[in-house]
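Since the structure comes first, as structure tokens, the remarks are kept for the end.
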Amino acid sequence: MRLDDPVVLDLTGVEDKAALMDRCADALGLPDWFGRNWDALADCLTDLPRPVALVVTGWQGYAEARPREWRTAQEVFATAADENPTRLSVLLSLGGGFGGSS
């Protein structure tokens, strides 16, 4: 896994689960069959075609607007990373922008 070329999941402006799922699909290039629900996201994250260092930016507004959904998202990310630590690392950016590919 290369931490010098992370995939950036920018959640700036995300206000609900549907928008979060859309951003995940776009950032990670998830397949067309991605069902845009928590189980489907978990499945996709544990079956990534290549190792990914995912840096989540701009998440604070979503966490504030939808704290329950944000907790669920964190659980999904953490479980996927725990199940396949050589394929997925998830990092939360605490500051402003972050460089990397998207």
Side-chain angles (χ1 to χ4, degrees):
M1 180 170 330
R2 294 188 47 184
L3 294 177
D4 59 338
D5 189 23
V7 172
V8 177
L9 173 60
D10 183 3
L11 299 183
T12 303
V14 168
E15 296 180 0
D16 60 21
K17 179 180 157 187
L20 170 74
M21 295 295 167
D22 288 344
R23 295 278 178 97
C24 287
D26 290 343
L28 292 164
L30 299 181
D32 292 338
W33 56 260
F34 171 56
R36 287 176 166 68
N37 60 60
W38 298 120
D39 289 336
L41 180 59
D43 289 345
C44 288
L45 290 173
T46 56
D47 194 30
L48 293 169
R50 63 179 176 84
V52 171
L54 182 67
V55 177
V56 184
T57 64
W59 56 270
Q60 294 90 337
Y62 179 62
E64 185 176 309
R66 303 285 183 133
R68 209 178 214 169
E69 287 179 13
W70 176 240
R71 280 192 300 276
T72 301
Q74 289 179 87
E75 290 170 12
V76 169
F77 290 136
T79 299
D82 285 345
E83 286 182 16
N84 207 345
T86 62
R87 303 290 283 177
L88 177 66
S89 291
V90 180
L91 304 108
L92 296 181
S93 175
L94 299 178
F98 185 87
S101 65
S102 50

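Values below: all heavy atoms of this structure, side chains included; hydrogens, waters and symmetry mates excluded.
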From [X] atom [atom1] to [Y] atom [atom2], the distance as rounded to the nearest 0.5 Å:
{"X": "Leu45", "Y": "Thr79", "atom1": "CG", "atom2": "OG1", "value": "10.0 Å"}
{"X": "Cys44", "Y": "Asp39", "atom1": "SG", "atom2": "CG", "value": "11.0 Å"}
{"X": "Leu91", "Y": "Thr57", "atom1": "CG", "atom2": "OG1", "value": "11.5 Å"}
{"X": "Asp43", "Y": "Asn37", "atom1": "CG", "atom2": "CG", "value": "8.5 Å"}
{"X": "Glu75", "Y": "Asp82", "atom1": "CD", "atom2": "CG", "value": "11.5 Å"}
{"X": "Leu20", "Y": "Leu9", "atom1": "CG", "atom2": "CG", "value": "6.5 Å"}

Q | Sequence neighbours excluded, every pair satisfying side-chain hydrogen bond (donor to acceptor under 3.5 Å, both in side chains) that has a member inside residues 12-21 | A |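 Every pair satisfying side-chain hydrogen bond (donor to acceptor under 3.5 Å, both in side chains) with a residue in residues 12-21: Asp10-Thr12.
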Q | Contact list for residues 64-74, test side-chain hydrogen bond (donor to acceptor under 3.5 Å, both in side chains), sequence neighbours left out | A |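 For residues 64-74, and leaving out neighbouring residues, the side-chain hydrogen bond (donor to acceptor under 3.5 Å, both in side chains) pairs sorted by first residue read Tyr62-Glu69, Arg66-Glu69.
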Q: Scan for ring pair (Phe, Tyr, Trp, His ring centres under 6.0 Å) pairs involving residues 15-41, sequence neighbours excluded, and state none if there are none.
A: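 Checked against ring pair (Phe, Tyr, Trp, His ring centres under 6.0 Å) - neighbours excluded - no pair reaches residues 15-41.
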Q. With sequence neighbours left out, what residues match Asp22 under salt bridge (Lys or Arg N to Asp or Glu O under 4.0 Å)?
A.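 Asp22 satisfies salt bridge (Lys or Arg N to Asp or Glu O under 4.0 Å) with Arg36 once adjacent residues are dropped.
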Shortest non-hydrogen contact from [X] to [Y]?
{"X": "Arg50", "Y": "Arg87", "result": "N-NH2, 3.0 Å"}
{"X": "Val7", "Y": "Ala27", "result": "CG1-O, 3.3 Å"}
{"X": "Arg23", "Y": "Val14", "result": "NH1-CG2, 3.6 Å"}

Q. Does Thr46 have any side chain to side chain contact (heavy atoms under 4.5 Å, CB included) partners at least two apart in sequence or in another chain, and if so, which?
A.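 Counting only residues at least two positions away or on another chain, Thr46 forms a side chain to side chain contact (heavy atoms under 4.5 Å, CB included) with Ala80, Glu83.
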Q: Apply side chain to side chain contact (heavy atoms under 4.5 Å, CB included) to Ala42 and list each qualifying residue two or more places apart in sequence or on a separate chain.
A: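 In terms of side chain to side chain contact (heavy atoms under 4.5 Å, CB included), with neighbours along the sequence ignored, Ala42 is linked to Val76.
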Q) For Ser93, does its backbone N or O pair with a side-chain atom of Trp59 as donor and acceptor, under 3.5 Å? A)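 Checked: pair present.
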